[in-house]
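All values below come from the heavy atoms of this structure, side chains included, with hydrogens, waters and symmetry mates left out. Position 1 is the first residue of the sequence; numbering continues from there.
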Amino acid sequence: MTTNNMRPCVCDAGFSQGPALLAADLQHQQELTKESRSTMRAGREEVGALALLLTRLACRLRGDAPVTLDFSDEAATVELSTSVLQEQVAWLVEHRYLALDGMVDGLARLWINPAVAFLPRTTDPRRAAARHRFPYIVTDAQGMSAQQRVHVVQYDEDVWQRVYQLNAEQFNEPPTLRYDCPVHHGDSPFPGSRDPQD
């Protein structure tokens with residue numbers, strides 16, 4: 001990340017999402033439907049809750065490393081009980097969206113499956129997937145109308161190699177949006193747009 005007069009570049013400050021970010025909620029809802037029971041309270045924490053949790057964890061990524069989750073702080077922030085949050089994380093670990101590296105005193109170290117999210121330029125998905133034998137998880141092209149909404153391809157080195165080859169630009173040099181960046185404020189990708197400093 002570059003700076004200009006101590007102002008940070010915001011062009012590529014975020015993480016890149018993979019197909020599994022949205023797959024978690026679809027898979028969870030499909031399982032609940034099949035089991036004809038609900039393990040979480042209805043409302044805000046049911047639909048979209050797992051994608052929200054995964055997104056919040058992905059925002060904590062700092063290179064190819066685990067993220068830390070304080071269950072009490074996170075539960076208070078998203079207005080859930082700690083037990084519901086723990087159930088969500090346990091489900092995500094069981095279904096290989098996350099890998100638990102360790103937990104002590106309500107703090108968990110979690111590795112994020114690169115099919116969920118990764119930091120461009122710092123994550124080699126092949127190595128990250130091999131570390132925890134993460135599966136490749138995708139949603140079906142037909143979405144909600146598909147009979148099987150989520151497809152899980154168990155860990156396979158060749159599959160991850162193919163994912164890397166097909167998405168090399170996203171992993172290595174993703175496109176950036178430079179409009180309103182304090183460092184690159186004159187480099188707008190939109191023809192005819194004016195400099196935000198004017």
Side-chain angles (χ1 to χ4, degrees), residues 13-62 66-101 103 106-120 123 125 128-129 131-156 159-160 163 166-167 170-171 174:
F15 65 91
S16 289
Q17 103 179 31
L21 183 66
L22 299 177
D25 280 303
L26 287 176
Q27 184 178 2
H28 187 251
Q29 289 301 313
Q30 194 164 26
E31 285 185 11
L32 290 179
T33 300
K34 283 181 182 176
E35 296 171 7
S36 299
R37 65 178 175 83
S38 178
T39 58
M40 291 188 288
R41 295 190 313 260
R44 181 180 143 211
E45 64 267 27
E46 190 172 325
V47 177
L50 298 180
L52 174 63
L53 175 57
L54 288 170
T55 300
R56 291 180 57 79
L57 290 173
C59 288
R60 298 177 188 165
L61 282 169
R62 299 294 177 262
V67 296
T68 303
L69 175 66
D70 181 317
F71 281 100
S72 296
D73 288 350
E74 184 68 15
T77 300
V78 296
E79 298 175 349
L80 286 177
S81 70
T82 304
S83 62
V84 168
L85 182 61
Q86 287 170 336
E87 287 174 16
Q88 291 176 348
V89 169
W91 188 92
L92 291 166
V93 169
E94 178 186 347
H95 290 82
R96 312 294 291 136
Y97 290 86
L98 301 171
L100 180 63
D101 195 37
M103 188 156 60
L107 290 174
R109 282 176 39 108
L110 299 161
W111 289 90
I112 299 175
N113 182 331
V116 170
F118 58 89
L119 279 184
T123 304
R131 183 182 300 120
H132 296 286
R133 303 188 62 74
F134 278 129
Y136 187 67
I137 305 169
V138 295
T139 56
D140 192 274
Q142 294 181 345
M144 295 294 285
S145 64
Q147 194 136 55
Q148 183 177 344
R149 298 175 186 164
V150 175
H151 302 280
V152 178
V153 180
Q154 294 308 317
Y155 175 77
D156 183 308
V159 168
W160 280 102
V163 167
L166 292 173
N167 301 285
Q170 189 66 27
F171 286 109

From CD (Glu74) to CG (Leu80), nearest 0.5 Å: 8.5 Å
Distance in Å, Leu69 CG paired with Leu100 CG, rounded so as to fall on 0.5 Å steps: 10.0 Å
Any donor-acceptor pair under 3.5 Å from Gln30 side chain to Arg149 backbone: yes
Asp140 to Gln148 - nearest heavy-atom pair and separation: CB-O, 3.4 Å
Validation row: Ile137, Val116 side chains within 4.5 angstrom (heavy atoms): no
Minimum side-chain heavy-atom gap Arg56-Thr77 below 4.5 Å: yes
Euclidean distance, Leu110 CG relative to Leu57 CG, rounded to 0.5 Å: 6.0 Å
Partners passing salt bridge (Lys or Arg N to Asp or Glu O under 4.0 Å) against Asp70 (at least two apart in sequence or in another chain): none
Heavy-atom pair with the smallest gap, counting every atom of Pro66 and Asp101: CG-OD2, 4.4 Å
Backbone of Phe134 reached by a side-chain donor or acceptor of Asn113 within 3.5 Å: no
Asp156 side, atom CG; Arg133 side, atom CZ - distance, nearest 0.5 Å: 9.0 Å
Matching residue for Leu21 among Leu50, Thr139, Leu54, Ile112 - test: side-chain contact (heavy atoms from CB on, under 4.5 Å): Leu54
Taking every non-hydrogen atom, the tightest pair across Thr68 and Arg60: O-NH1, 3.1 Å
Euclidean distance, His28 NE2 relative to Leu26 CG, rounded to 0.5 Å: 12.0 Å
Tyr97 and His95 aromatic centres sub-6.0 Å: no
Any Leu85 side-chain heavy atom under 4.5 Å of Leu53 side chain: yes
Closest approach of Thr82 to Ser72 (non-hydrogen atoms, all atoms of both residues): OG1-CA, 4.3 Å
Minimum-distance pair of heavy atoms, taken over all atoms of Phe71 and Ala108: CE1-CB, 3.7 Å
Validation row: Val152, Arg96 side chains within 4.5 angstrom (heavy atoms): no
Minimum heavy-atom distance Thr123-Ala128, with the two atoms named: CG2-CB, 4.1 Å
